[in-house]
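Just so it is clear, the structure is predicted and the values come from calculations on it, not from any experiment.
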Amino acid sequence: MSAARTPAFASALAAVPLALAIATQDAPRALDLGPYPQALREWPPAPPVGVPSSVAVDAEGRPWAAGDHGVARLLADGRWERLDPSAGTLGAERCGGLSVTPDGEVWVGTQAGFSRYRGGRWEGFGVFEGLCPGRGEVVVARQGRLWAATSEGLAVREAHVWRRVWASEFVRTVLVDTDGLVWAGSEDGLVADVEGTPSHVLEGVVTGGVVDAGGTLWVAVDGTLRRRSRPGADFVAVEGLADPSVRCLGTGPDGRLWVGGARGLTLLEPGGASRRHFASRRWLPGDEVSAVWPEADGCWVATAGGLARIRFVMQRLEDKAAAVLRVLQERHRRGGLVSRARLDPPEDLGSARAVPGETDLERTAWFASAEALRHAVTLDPEALGNAREAVGALLALEAVAGTTGLVARTRARAEEAERDGSGNWRAGVGEGWLWRGEAGREDLAGLLLSFTLYVRRPSGDGEQPAPGAVAAAASRAAEPLLTSPERTVDGFRALTDLCLLRVAFGLTGEGRYLEALGRRLTEGDHAMRVRGLYPEGAPPRDHAAEAAAFLALAALLPYEPDGALAALARDGLSAAWPVLREDRNPLCNVVYAALTRLDADRAQAARALERFPQDLRDHAVDNAWRADLTRRPVPDPLAGPLADPVLPPDERPLGTWSSNPRRLAGGDGGRTEEDGAWFLLAYWLARAHGVLAEGE
């Protein structure tokens with residue numbers, strides 16, 4: 001195509017609405033997303049009982065905590081009320097196990113016996129027959145009898161009288177199965193049929209046990225989890241837990257099994273096929289779990305650092321997107337730019353302040369793209385306004401350096417740059433503006449994607465910034481593409497350059513970009529590199545290069561969904577897909593599905609988006625100890641040892657789609673909060689391309 005004809009051709013392309021450009025007749029039907037259980041965490045203030053050793057929830061839904069300094073219950077206003085079991089005449093402060101009976105009685109074990117809280121008052125039951133409860137546990141048998149695990153054996157209460165039925169050094173737990181058989185776990189093992197002839201079933205130190213609604217017995221013995229699925233069956237070890245140091249168990253009315261250990265909390269869904277691990281301060285105030293109390297929609301957890309509640313709320317991905325957007329708008333906007341927020345003190349969201357950083361360009365580009373896509377799907381004027389403001393900020397980043405081909409990664413006023421304290425600031429175009437950082441290929445891919453989606457939105461003619469200003473900025477920003485080498489050693493870099501040259505032509509109508517594209521296809525080795533994205537013996541993968549390529553492909557699709565360049569990209573990605581899919585990256589899944597009209601693991605992409613954490617503080621996460629992971633033989637030079645398989649997003653260190661999802665450790669202790677723009681981009685890209693859909 002000649003340079004003389006390119007403006008008219010570009011004008012014709014620009015007239016095609018985005019919704020039409022990305023539609024395909026033979027694409028698979030969008031995966032319709034329904035509500036899913038979103039895990040959230042709540043941390044009440046630390047209870048005034050020292051380190052909580054047990055937790056329970058009473059009939060009114062109020063949590064209780066017990067520890068070395070007594071027992072307390074959480075009031076509706078968020079305050080703890082300290083209660084004194086010694087008022088029941090026992091005179092002991094140190095409390096152990098908490099239990100709640102079906103009729104609402106709260107029982108707590110102390111060094112001097114048991115205390116019962118009923119009708120607003122305590123009643124004490126002292127030492128009986130030499131038994132000292134200590135960290136006692138009380139359960140209710142089917143016949144209504146109370147069974148007590150004590151520090152010196154097992155006791156039963158019948159006709160208001162306690163009697164010992166089995167002696168041991170320390171009974172830690174007692175449970176009654178669906179057949180009415182009583183089981184006692186101690187430091188000597190697990191004993192059954194304690195009313196008749198005691199029978200040792202398991203050897204070892206038993207620290208917890210539970211019977212689920214289906215009658216399966218679960219026991220924590222010597223740090224392992226074992227289960228008996230039916231009467232008469234053997235106990236078998238449960239393999240594949242993240243934390244092999246099992247300490248306590250609990251099961252709720254929903255059939256979920258909660259397993260507490262030295263390194264966090266594991267959830268086994270009914271049937272045991274699905275497991276989740278909750279650890280680090282993203283979820284718990286301390287990883288050492290001492291007790292759990294399941295409820296209908298979650299679980300209360302006692303840890304060495306305090307009490308926590310893991311709660312599940314049914315919502316849709318669109319609800320999560322709205323929640324992430326609210327946080328971004330409230331704490332991460334700095335003028336039109338999107339920035340990380342600094343927290344001082346760490347983890348205190350009330351102290352969050354957006355600060356300039358060299359990722360501002362890519363974050364703002366992701367946000368502008370996401371909001372342009374949201375507007376294309378919903379026609380929400382707020383989304384268009386957000387996209388317009390963000391694109392204006394991106395234009396300012398292109399202009400502030402004052403040099404063609406040089407785009408700043410961030411800019412700030414002098415006083416803001418001085419507070420930042422990182423140095424390397426340079427005087428920019430415009431009074432009082434400073435800038436730093438120089439955009440790379442991944443930044444340019446995000447920039448041109450946002451420009452493309454903004455100027456090709458379905459409506460908004462005549463609004464600022466005008467398409468002409470965007471095209472002029474795109475022309476200057478893309479200048480380095482013209483001087484990039486026509487031979488390359490990296491397939492993803494080759495794919496990125498080819499796509500961006502085509503996008504730059506589509507945005508500007510300048511034939512020089514199309515001519516450069518032709519040279520790289522005919523005279524260079526770009527096509528060969530794209531067809532062999534993962535050559536044998538390749539070094540560890542550069543996830544930033546992959547992300548840049550998929551952003552460039554997303555920008556290409558509105559211009560050329562079915563052309564020769566798209567066909568070349570399909571060839572290369574199809575050959576590489578068996579490797580790419582292992583990372584379960586929603587951005588890659590969505591773009592690949594839009595490009596190829598294949599399913600591309602859309603359900604897996606939806607699950608990854610669902611597991612994206614709504615708490616975006618950069619908590620320190622270290623999974624190097626996990627027993628359910630293996631290590632990849634070749635570490636990442638930057639990320640270090642890599643996990644196999646890939647963990648869900650809410651169990652691994654926080655990172656964008658361009659970071660390595662197999663990192664074992666990361667985070668800065670909650671000193672910063674991420675903005676979540678990369679989640680919004682992947683979600684709205686999936687919606688706009690018909691990969692995912694939200695039903696009514």
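- Partners of R413 according to the side chain to side chain contact (heavy atoms under 4.5 Å, CB included) rule, which considers only residues two or more places apart in sequence or in another chain, are E415, W433.
- Residues P346 and D668 have side chains not in contact (no heavy-atom distance under 4.5 Å, counting atoms from C-beta outward).
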Test salt bridge (charged side-chain N to carboxylate O under 4.0 Å, His left out) applied to R340 and E674, step by step:
CA-CA 5 Å; R340 299 178 84 194; E674 293 283 359; 3.1 Å; yes
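- For R487, there are no side-chain hydrogen bond (donor to acceptor under 3.5 Å, both in side chains) partners at least two apart in sequence or on another chain.
- A salt bridge links E510 with R512: the distance from a Lys NZ or Arg NE/NH1/NH2 to an Asp or Glu carboxylate oxygen falls below 4.0 Å.
- Listed for the Y454 side chain is no donor-acceptor partner under 3.5 Å among the backbone atoms of V470.
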Under the criterion salt bridge (charged side-chain N to carboxylate O under 4.0 Å, His left out), I'd like the reasoning laid out for R662 against D583: C-alpha separation, chi angles, the key distance, then a yes or no.
CA-CA 8 Å; R662 298 178 183 274; D583 281 350; 3.1 Å; yes
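- Between E438 and R426 there is a salt bridge, with a side-chain nitrogen of the basic residue lying less than 4.0 Å from a carboxylate oxygen of the acidic one.
- Between W366 and E371 there is no side-chain heavy-atom pair separated by less than 4.5 Å.
- The backbone N or O of G670 lies less than 3.5 Å from no partner atom in the side chain of D618, so there is not a single donor-acceptor pair.
- Listed by chain and residue number, nothing satisfies the ring-ring contact (aromatic ring centres under 6.0 Å, His included) test with F451 (two or more places apart in sequence, or in another chain).
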Take D615 and R282 through the test salt bridge (charged side-chain N to carboxylate O under 4.0 Å, His left out) and record every step on the way to the result.
CA-CA 7 Å; D615 180 0; R282 177 180 294 158; over 6 Å; no
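- Judged as a side-chain hydrogen bond (donor to acceptor under 3.5 Å, both in side chains), the pairs with a partner in residues 398-408 (not counting sequence neighbours) are, in order, E398-R476.
- Applying the salt bridge (charged side-chain N to carboxylate O under 4.0 Å, His left out) rule to D497 yields the partners R441, R493; only residues at least two apart in sequence or on another chain are considered.
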Pair E416, R334 - check salt bridge (charged side-chain N to carboxylate O under 4.0 Å, His left out), show working.
CA-CA 10 Å; E416 192 175 30; R334 195 172 55 82; 3.0 Å; yes
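- Between the W435 side chain and the A427 main chain, a donor and an acceptor come within less than 3.5 Å of each other.
- Looking only at distances, no side-chain donor or acceptor of T364 sits under 3.5 Å from a matching main-chain atom of L337.
- Looking only at distances, a side-chain donor or acceptor of S351 sits under 3.5 Å from a matching main-chain atom of D344.
- Annotation: cation-pi geometry not satisfied between R529 and F492 (NZ/CZ under 6.0 angstrom from ring centroid, within 45° of ring axis).
- Side chain of K320 to backbone of P613: no donor-acceptor contact under 3.5 angstrom is found.
- Legend: residues meeting salt bridge (charged side-chain N to carboxylate O under 4.0 Å, His left out) with R584, ordered by chain and number and at least two apart, are absent.
- Listed by first then second residue, pairs satisfying salt bridge (Lys or Arg N to Asp or Glu O under 4.0 Å) with a partner in residues 346-357 read R281-E347, not counting sequence neighbours.
- R671 pairs by the salt bridge (charged side-chain N to carboxylate O under 4.0 Å, His left out) definition with nothing, not counting sequence neighbours.
- Counting only distance, with no hydrogens or angles, the side chain of H375 and the backbone of P381 share no donor-acceptor pair below 3.5 Å.
- Ring pair W678/F612: centre-to-centre distance below 6.0 Å.
- Under a 3.5 Å cut-off, the side chain of Y513 and the backbone N or O of S475 do form a donor-acceptor pair.
- Taking R531 as the reference, nothing meets the salt bridge (charged side-chain N to carboxylate O under 4.0 Å, His left out) condition, with sequence neighbours excluded.
- When atom types are taken as modelled, the side chain of R602 and the backbone of V691 share a donor-acceptor pair closer than 3.5 angstrom.
- Using a 4.0 Å cut-off between a side-chain N of Lys or Arg and a carboxylate O of Asp or Glu, E389 and R333 qualify as a salt bridge.
- For R374 and E382, the salt-bridge test passes: some basic side-chain N is under 4.0 Å from an acidic carboxylate O.
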Please list, one pair per line, the donor and acceptor atoms closer than 3.5 Å that link side chains of residues 563-570 to other protein atoms, with sequence neighbours excluded.
unit_1: R570; atom_1: NH1; unit_2: L595; atom_2: O; d: 3.2

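- Judged as a ring pair (Phe, Tyr, Trp, His ring centres under 6.0 Å), not a single pair has a partner in residues 316-349 (not counting sequence neighbours).
- Contacts of W577 classified as ring-ring contact (aromatic ring centres under 6.0 Å, His included), with partners at least two apart in sequence or in another chain: Y592.
- Formation of a donor-acceptor pair under 3.5 Å by the E694 side chain with backbone atoms of E318 is found in this model.
- Of all the heavy atoms in A549 and L495, the pair that sits closest is CB-CD2, 4.1 Å.
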